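What follows is a single structure, written as structure tokens, with notes after it.
If you're wondering where the values come from, they're calculated on a predicted model, not measured in any experiment.
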Amino acid sequence: MTVEVVLAVAVAVGLVALILLALALRRRVLLRPAGSIDMSLRTRFGRIGGGWALGVGRYTGDDLLWYRLFALSVKPSRTLSRRELEVVGRRLPSGAESWAVQAGAVIVECQDTAGPVQVAMSAGAVTGFLSWLESAPPGFTVPGYAAS
């Protein structure tokens with residue numbers, strides 16, 4: 001009986017290791033193309049400081065595709081369109097948020113057609129994010145950009 005228990009534990013540990021390896025490889029593949037950044041996205045706003053999920057963002061033309069870090073899906077979990085995104089403000093993490101986002105992150109508060117959106121990324125990535133919003137096609141104005 002102990003052989004079966006040891007075998008079951010070994011199989012479980014092997015599966016966990018395989019899943020962790022798959023997640024690490026997926027992150028590496030997502031960050032490989034130019035225009036990819038580590039960023040967190042706030043998915044729920046009910047709890048103070050809660051609702052944050054780690055992920056990878058990838059700029060593709062007028063869209064910022066966000067992939068949840070701890071998922072095996074090859075499709076983005078959320079798409080932020082430059083045409084619908086309005087910057088409301090930016091701030092530093094406070095309280096429990098400091099533990100939920102990357103160290104040194106800046107939170108950019110936005111609004112789109114689906115409601116409020118908050119993203120957290122490094123200060124350099126925020127500069128790139130705001131530049132991406134500002135570099136819209138001629139004749140297109142970025143709503144709320146002056147508020148940042």
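Counting heavy atoms from C-beta outward, M39 and R58 have side chains that stay 4.5 Å or more apart. Counting heavy atoms from C-beta outward, R68 and V56 have side chains that stay 4.5 Å or more apart. Residues I107 and L92 fail the side-chain proximity criterion, which asks for heavy atoms closer than 4.5 Å. Using a 4.5 Å heavy-atom cutoff, the side chains of L69 and D38 are not in contact. Side-chain contact between V119 and L64 is absent, with no heavy atoms from C-beta onward closer than 4.5 Å. Counting only heavy atoms from C-beta outward, the side chains of F129 and V108 approach each other to under 4.5 Å. L133 places a side-chain heavy atom less than 4.5 Å from the side chain of V87. Counting only heavy atoms from C-beta outward, the side chains of W66 and P76 never approach each other to under 4.5 Å.
Atom CZ of R42 and atom SG of C110 lie 13.5 Å apart (nearest 0.5 Å). In this structure, the separation between CG on L80 and CG on L85 is 5.5 Å, given to the nearest 0.5 Å. To the nearest 0.5 Å, the span separating CG on L15 from CG on L20 amounts to 11.0 Å.
The minimum heavy-atom distance linking S40 with A100 is given by the pair OG-O, 4.4 Å. For P93 against A105, the heavy-atom pair with the smallest separation is CD-O, 3.2 Å.
A salt bridge links E109 to R91: one of the charged nitrogens lies within less than 4.0 Å of a carboxylate oxygen. With respect to R78 and D112, a salt bridge is recorded, a charged nitrogen being found less than 4.0 Å from a carboxylate O.
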Practice task
Report the C-alpha distance between Q118 and L41 in whole Å, list the side-chain angles of each, state the deciding distance to 0.1 Å, and finish with yes or no for side-chain contact (heavy atoms from CB on, under 4.5 Å).
Solution key: CA-CA 6 Å; Q118 292 182 359; L41 186 122; over 6 Å; no

Exercise for the section: Kindly indicate, with the supporting measurements, whether the criterion side-chain contact (heavy atoms from CB on, under 4.5 Å) is fulfilled by Y67 and K75. Expected result: CA-CA 7 Å; Y67 298 85; K75 294 182 179 181; 5.8 Å; no

Practice task
Under the side-chain contact (heavy atoms from CB on, under 4.5 Å) rule, what do Y59 and I37 come out as? Steps first, then yes or no, please.
Solution key: CA-CA 9 Å; Y59 294 103; I37 56 170; 4.0 Å; yes

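Of the N and O atoms on the side chains of Q102 and S122, not one donor lies less than 3.5 Å from an acceptor on the other residue.
W132 contributes a side-chain N or O that, together with a main-chain N or O of G61, makes up a donor-acceptor pair within less than 3.5 Å. E84 places no side-chain N or O within donor-acceptor distance of the main-chain N or O of S81, the cut-off being under 3.5 Å.
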